[in-house]
Amino acid sequence: MRVRAAAARPRHVRPCKLKASMGAFLPNQDWITSHPEAPQDFEQFFSDPYRKTPSPNKRSIYIQSIGSLGNTRIISEEYIKWLTGYCKAYFYGLRVKLLEPVPVSVTRCSFRVNENTHNLQIHAGDILKFLKKKKPEDAFCVVGITMIDLYPRDSWNFVFGQASLTDGVGIFSFARYGSDFYSMHYKGKVKKLKKTSSSDYSIFDNYYIPEITSVLLLRSC
């Protein structure tokens, strides 16, 4: 399985101290500038043997929301409606369908409290396995979205998203796009993880969901 991760920072990198008035990122903290990669032009992309293309029987993009996307059902539905419309416009010619939203517990994923930011995180790789099992027959790909932070492995601090090109599944988190994520007063901080077993997901009940703002919507493009 070929897997790509998006914009993560290894734990051994000293975290940047941000003031509440500052933006979520500083120029020298950008993944691209700190992790140089070989450029890719269009012809290289087009001839990539791992690049998948839609077929007559697989022309649907499925969106799977995991956990709450807003503080109310109306907000969640409005956000999904906006995101669906964007996908239809950007991936013209493909159908965009919605899978029934699921709570974190249904995925059976591992989770933890980040030791630096003290917020809840769910395991991206486990989510990919869940999405692969749920992938419909007519799916070109399944895109999971969540407002909960992600991590790809124990040694990593976080990851914005992760995808399997061969399996046609991916997961992306908007948690760190919230305007208050790096604030000292972030409401999603958890003092200590308390669970009686690996199947105890009660900590996600009523867990803090960042406000869906115009900035978050823009970055979710």
Side-chain angles (χ1 to χ4, degrees), residues 1-8 30-32 37-70 73-104 106-107 109 122 124-148 150 152 159-178 209-210 212-221:
M1 180 176 72
R2 190 181 183 194
V3 175
R4 283 184 177 176
D30 189 87
W31 171 264
I32 296 177
E37 296 182 358
Q40 182 188 53
D41 59 28
F42 179 77
E43 291 206 2
Q44 289 174 321
F45 161 76
F46 191 78
S47 59
D48 188 337
Y50 292 99
R51 186 180 69 87
K52 286 185 173 292
T53 56
S55 65
N57 297 325
K58 295 184 182 296
R59 301 190 61 82
S60 297
I61 297 174
Y62 283 84
I63 299 177
Q64 172 70 74
S65 59
I66 298 172
S68 299
L69 297 181
R73 181 177 179 178
I74 294 177
I75 293 177
S76 296
E77 290 177 350
E78 281 297 311
Y79 177 67
I80 287 293
K81 181 180 178 181
W82 182 90
L83 192 60
T84 300
Y86 173 81
C87 287
K88 287 180 178 179
Y90 191 84
F91 300 102
Y92 183 75
L94 296 183
R95 293 180 289 268
V96 180
K97 302 178 180 180
L98 302 179
L99 293 172
E100 191 68 25
V102 297
V104 176
V106 170
T107 70
C109 66
I122 53 180
D126 290 347
I127 300 296
L128 294 184
K129 294 176 183 177
F130 167 76
L131 295 176
K132 183 180 178 181
K133 292 178 181 179
K134 286 198 62 177
K135 189 176 180 181
E137 287 295 324
D138 68 332
F140 172 62
C141 66
V142 179
V143 182
I145 56 174
T146 183
M147 288 292 184
I148 303 172
L150 301 171
V159 69
F160 278 114
Q162 190 169 354
S164 168
L165 303 182
T166 50
D167 292 331
V169 294
I171 175 66
F172 195 86
S173 168
F174 300 118
R176 291 178 181 254
Y177 288 151
I209 302 298
I212 297 179
T213 64
S214 58
V215 173
L216 188 146
L217 291 176
L218 178 63
R219 288 178 171 174
S220 66
C221 293

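Just the heavy atoms: all of them, side chains too, but no hydrogens, waters or symmetry mates, feed the values below. We number each residue from 1, following the sequence as shown. Keep in mind it's a predicted model, so treat the numbers as computed, not measured.
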key: Nearest-0.5 Å distance, CG of residue Leu99 to OG of residue Ser65   = 8.5 Å
Closest non-hydrogen atom pair between Pro39 and Gln44, with its separation = O-OE1, 3.5 Å
inquiry  = Can a donor-acceptor pair be found, under 3.5 Å and without considering hydrogens, that links the side chain of Thr146 to the backbone of Ser173?
reply    = no
message = Determine whether Val169 and Phe130 satisfy the following criterion, side-chain contact (heavy atoms from CB on, under 4.5 Å), listing intermediate values before the conclusion.
response = CA-CA 9 Å; Val169 294; Phe130 167 76; over 6 Å; no
task = Would you please test Ile66 and Val104 for side-chain contact (heavy atoms from CB on, under 4.5 Å) and show each step?
result = CA-CA 6 Å; Ile66 298 172; Val104 176; 4.3 Å; yes
note = In short, Ser47 meets Glu43 closest at the heavy-atom pair OG-O, 2.8 Å
message = Please enumerate all residues that pass salt bridge (Lys or Arg N to Asp or Glu O under 4.0 Å) together with Glu77, with sequence neighbours excluded.
response = Arg73
request  = Give the minimum heavy-atom separation between Gly161 and Leu150, together with the two atoms involved.
outcome  = CA-CD1, 4.1 Å
query = Minimum heavy-atom separation for Lys134 to Val102, with atom names?
reply = NZ-CG1, 4.1 Å
inquiry  = Looking at Asp167, is its backbone amide N or carbonyl O close enough to the side chain of Lys135 to form a donor-acceptor pair, meaning the two atoms are under 3.5 Å apart?
reply    = yes
Any side-chain heavy-atom pair of Pro136 and Val142 under 4.5 Å = yes
inquiry  = Can you classify the ring geometry of Tyr86 versus Trp82 as parallel (below 30°), tilted (30 to 60°) or perpendicular (above 60°)?
reply    = parallel
Nearest-0.5 Å distance that lies between atom CG in Leu69 and atom CD1 in Ile80 = 5.0 Å
key: Heavy-atom donor-acceptor pair, Gln64 side chain to Ile145 backbone, under 3.5 Å   = no
query = Any donor-acceptor pair under 3.5 Å linking the side chain of Lys97 with the backbone of Ile63?
reply = no
remark   = Between the CG atom in Leu98 and the NZ atom in Lys81, the distance rounded to the nearest 0.5 Å is 12.0 Å
query = If you take all heavy atoms of Val96 and Cys87, which pair is closest and at what distance?
reply = CG2-CB, 3.8 Å
task = Can you see which heavy atom on Arg176 is nearest to which on Phe160, and at what distance?
result = CB-CE2, 3.7 Å
ask   = When you measure from the side chain of Arg51 to the backbone N and O of Phe46, does any donor-acceptor pair fall under 3.5 Å?
value = yes
query = Out of curiosity, Cys109 SG to Leu128 CG, how far, rounded to the nearest 0.5 Å?
reply = 11.0 Å
